[in-house]
Every structure is written in structure tokens, then in C-alpha cells.
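Here's the structure we're looking at; comments come further down.
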Amino acid sequence: MSEVIVIASGKGGTGKTTVCAGLAAALAKAKYKVLIIDCDSGMRGVDLMLGISDRLVYDISDVISGACEYKDALYKVDGDYELYSVAAPLHADDEVSPSLIKQFVEKVREEFDYILIDSPAGTGSGFYAAAVAADRALVVVNTEPISIRGCKIIGARLRELQIDDKRLIINRFDRKRFDEMGLYRDLDEVIDEAGMRLIGLIPEDVRVIALSQRGALMNNWSQTSVIFDTIVKRLQGVDVPIVVR
């Protein structure tokens with residue numbers, strides 16, 4: 001039985017999809033069989049980051065409508081890894097309902113070790129579709145009050161869905177900028193405001209942004225890739241210290 005994890009954020013621009021793809025890459029490199037389900041209808045991006053966009057024919061709405069078998073919509077990322085993705089519809093009007101997403105996840109979960117669901121930002125119907133089948137949640141934030149407010153709203157919605165296992169990922173962290181802005185005393189205040197336990201602190205890294213835009217995240221061997229590896233270990237219950245630089 002696989003573990004289903006929704007990757008969410010209260011506002012756009014946090015780097016949520018990059019985190020989702022980076023975490024999936026780390027899991028695949030650790031020899032797990034991984035599926036990413038992109039639920040961001042009309043704004044899909046996972047396919048671009050994983051370098052499979054030119055091969056896409058079907059998306060999840062085609063599976064639900066019966067236009068194809070579900071295996072036809074599973075696209076394997078190039079390389080010696082068991083990493084697959086199902087694309088979101090290109091048009092927001094084709095958004096799939098929460099109940100049908102849940103049925104799809106239940107149908108495929110026996111085939112994978114991990115299923116990561118990339119939720120659209122915010123708490124609209126797309127968020128509910130992404131979260132309803134999840135066992136746990138990772139909420140991605142930046143160290144800004146608007147982002148933290150969105151995180152708190154997401155936390156409340158996750159509680160409504162009875163998803164109690166939720167963890168915080170602070171993304172695109174820049175110590176110098178954090179200190180210069182002076183919005184928070186320290187990271188402990190950010191974590192307390194967010195109301196979730198921290199599982200990962202990912203620094204601003206232009207190399208990761210460049211690789212994701214080129215569809216080459218599987219080639220990320222930078223220090224940031226090591227941080228994703230440690231997040232994987234923490235997901236599995238290993239006590240790995242979080243280093244703040």
C-alpha cells in the first residue's frame with residue numbers, strides 16, 4: 001500500500017510544484033516507485049519540470065471520461081528511475097471532481113510506493129480534489145506574512161478533511177534577505193505562526209529553478225538535492241537535524 005501525500009500552499013509563488021517535483025525525484029533516486037498526480041488544472045507544470053511535456057497525449061480528465069485506459073496516461077520520466085506522472089488538464093474547465101480523483105487514487109495506489117499530488121494554490125475546489133485522497137500533507141510556504149496566513153487557512157481545511165499528519169516546508173529561504181526584511185524575529189516565530197512542525201528548509205537556489213524550467217530536475221545533484229534527500233528520510237521517521245544557514 002502506497003503513501004499518498006498532497007503538496008499544498010495557501011498562495012501562489014511559493015515554489016510548491018518545484019518542491020513536489022524535487023521530492024518525487026529524491027524518492028525515485030532512493031529506489032521507490034513514485035507517481036505524481038498534477039491536480040492544477042489550467043496551470044499544470046509538473047510535466048515541464050520532469051521533461052515529459054512533448055510526449056503528453058492524455059491527462060487525468062481523459063482517464064476519468066473513459067477516453068483512455070489509466071495506464072495510457074501514466075508517463076514515465078526518462079532514466080533508470082521508477083518515476084511517473086499523470087498530467088492535469090490544460091483547461092480549468094476540465095477540472096476533475098474530488099470524488100473521481102479519490103477513485104483514481106484508490107485504483108492505482110497498489111502499484112506505487114508513493115503518490116504525490118500537486119495541489120493548486122489556495123483552498124478552492126482544486127485543493128479539495130487534490131487533498132481528499134491524501135494520507136498526509138506537506139504545506140509549502142515562504143517567510144512572508146501573506147504566505148503564512150495562507151498556510152494557516154490550508155491547515156484549517158486539512159483538519160476539516162481529517163488530515164492530521166501535516167508538515168511545513170519553508171522554501172526559497174535566503175538568510176540575508178530574511179534578516180534584512182525583519183518581518184519575523186527568527187524562524188521559530190515563522191514556524192509558530194504557521195502552526196505546523198517543520199520538515200524541511202530549502203534555500204533559494206537558482207540552479208534548481210533553471211533545471212526545473214529545462215525539464216531536467218532529475219539531474220539535480222546540488223546541495224538542494226541533499227536537502228530533498230533528508231526530507232525523504234524525515235518522512236520515513238528518521239531523525240535528521242534541520243540545518244539553518
Side-chain angles (χ1 to χ4, degrees), residues 3-24 26-27 36-37 39-40 98 114-124 126-175 177-179 181-205 208 224 226-245:
E3 186 165 27
V4 182
I5 305 172
V6 62
I7 317 296
S9 64
K11 66 176 289 292
T14 62
K16 166 188 56 63
T17 299
T18 305
V19 169
C20 183
L23 182 58
L27 285 163
I36 302 183
I37 301 175
C39 278
D40 200 352
Y114 286 91
I115 297 177
L116 306 185
I117 305 179
D118 185 37
S119 168
T123 59
F127 162 75
Y128 281 98
V132 71
D135 304 313
R136 63 199 304 189
L138 299 177
V139 183
V140 181
V141 301
N142 305 135
T143 54
E144 302 163 0
I146 294 174
S147 183
I148 299 304
R149 175 193 287 173
C151 175
K152 293 162 75 172
I153 295 170
I154 287 285
R157 299 298 176 265
L158 290 169
R159 285 193 295 274
E160 291 173 4
L161 292 169
Q162 299 183 325
I163 300 175
D164 298 321
D165 189 348
K166 46 191 180 290
R167 296 291 183 269
L168 184 71
I169 293 180
I170 296 175
N171 189 38
R172 300 175 64 182
F173 180 70
D174 183 301
R175 166 58 77 181
R177 185 172 61 200
F178 179 80
D179 291 340
M181 291 179 70
L183 297 170
Y184 298 96
R185 292 189 308 272
D186 50 32
L187 280 175
D188 285 340
E189 185 179 7
V190 174
I191 297 165
D192 290 343
E193 279 286 313
M196 297 180 194
R197 289 173 56 192
L198 184 68
I199 196 171
L201 179 67
I202 302 172
E204 182 79 86
D205 189 341
V208 172
T224 303
V226 176
I227 293 173
F228 279 116
D229 293 340
T230 62
I231 293 174
V232 168
K233 291 177 182 177
R234 293 187 197 107
L235 283 171
Q236 297 166 343
V238 180
D239 186 12
V240 182
I242 295 176
V243 179
V244 180
R245 291 187 173 88

- Message: For a 4.5 angstrom cut-off between non-hydrogen side-chain atoms, does Leu235 reach Glu3?
- Response: no

- Query: Has the side chain of Arg157 got a donor or acceptor atom that lies under 3.5 Å from a matching backbone atom of Ala131?
  - Reply: no

- Query: Hey, what do you get for CZ (Arg167) to CD1 (Ile169), rounding to the nearest 0.5 Å?
  - Reply: 11.5 Å

- Shortest non-hydrogen separation from Gly122 to Phe127 and the atoms involved: O-CB, 3.4 Å

- Taken to the nearest 0.5 Å, the spacing of Met196 CE from Lys152 NZ works out to 11.0 Å

- Looking only at heavy atoms, which two atoms of Val139 and Ser9 are closest? And how far apart? CG1-CA, 4.5 Å

- Heavy-atom side-chain proximity of Leu183 to Phe178 below 4.5 angstrom: no

- Item | Ile227 vs Leu201 side-chain heavy atoms within contact, under 4.5 Å | no

- Judged by atom type as modelled, is there a donor-acceptor pair below 3.5 Å linking the side chain of Ser147 to the main-chain atoms of Asn142? yes

- Query: How many angstroms lie between atom CD1 of Ile202 and atom CD1 of Ile231, to the nearest 0.5 angstrom?
  - Reply: 4.0 Å

- Item | Heavy-atom closest pair, residues Ile117 and Cys39 | CG2-SG, 3.6 Å

- Query: OG1/Thr143 to CZ/Arg175 distance, rounded to the nearest 0.5 angstrom?
  - Reply: 9.5 Å

- Query: Is there a side-chain contact between Leu198 and Leu187 (heavy atoms, below 4.5 Å)?
  - Reply: no

- Message: For the CZ atom on Arg234, are there more than 12 heavy atoms of other groups (residues, nucleotides or ligands in this structure) within a distance under 6.0 Å?
- Response: yes

- Closest heavy-atom contact between Lys166 and Ile163? NZ-O, 3.6 Å

- Any chance you could measure Ser119, atom OG, to Leu138, atom CG, to the nearest 0.5 Å? 12.0 Å

- In this structure, are over 12 heavy atoms from other groups packed under 6.0 Å from Ile242 atom CD1? yes

- Query: For Tyr184, what residues pass the side chain to side chain donor-acceptor pair (under 3.5 Å) criterion, not counting sequence neighbours?
  - Reply: none

- Message: According to side chain to side chain donor-acceptor pair (under 3.5 Å), who are the partners of Asp135, at least two apart in sequence or on a separate chain?
- Response: Arg109

- Message: Checking the side chain of Arg172 only, and the main-chain atoms of Gly13 only, is there a donor and an acceptor separated by less than 3.5 Å?
- Response: yes

- Not counting sequence neighbours, which residues clear side chain to side chain donor-acceptor pair (under 3.5 Å) with Asp118? List them please. Lys16, Thr17

- Message: So which atom in Ala137 and which in Leu158 form the shortest heavy-atom distance, rounded to 0.1 Å?
- Response: CB-CD1, 3.7 Å

- Closest non-hydrogen atoms of Thr14 and Val141, given as atom of the first, atom of the second and distance, are CG2-CA, 4.3 Å

- Basic-acidic side-chain contact under 4.0 Å: Asp229, Lys233: no

- Task: Return yes if some donor-acceptor pair links the side-chain N/O of Asp186 with the main-chain N/O of Glu189 below 3.5 Å, else return no.
- Result: yes

- What distance do Asp192 atom CG and Ile148 atom CD1 have between them, rounded to the nearest 0.5 Å? 10.5 Å

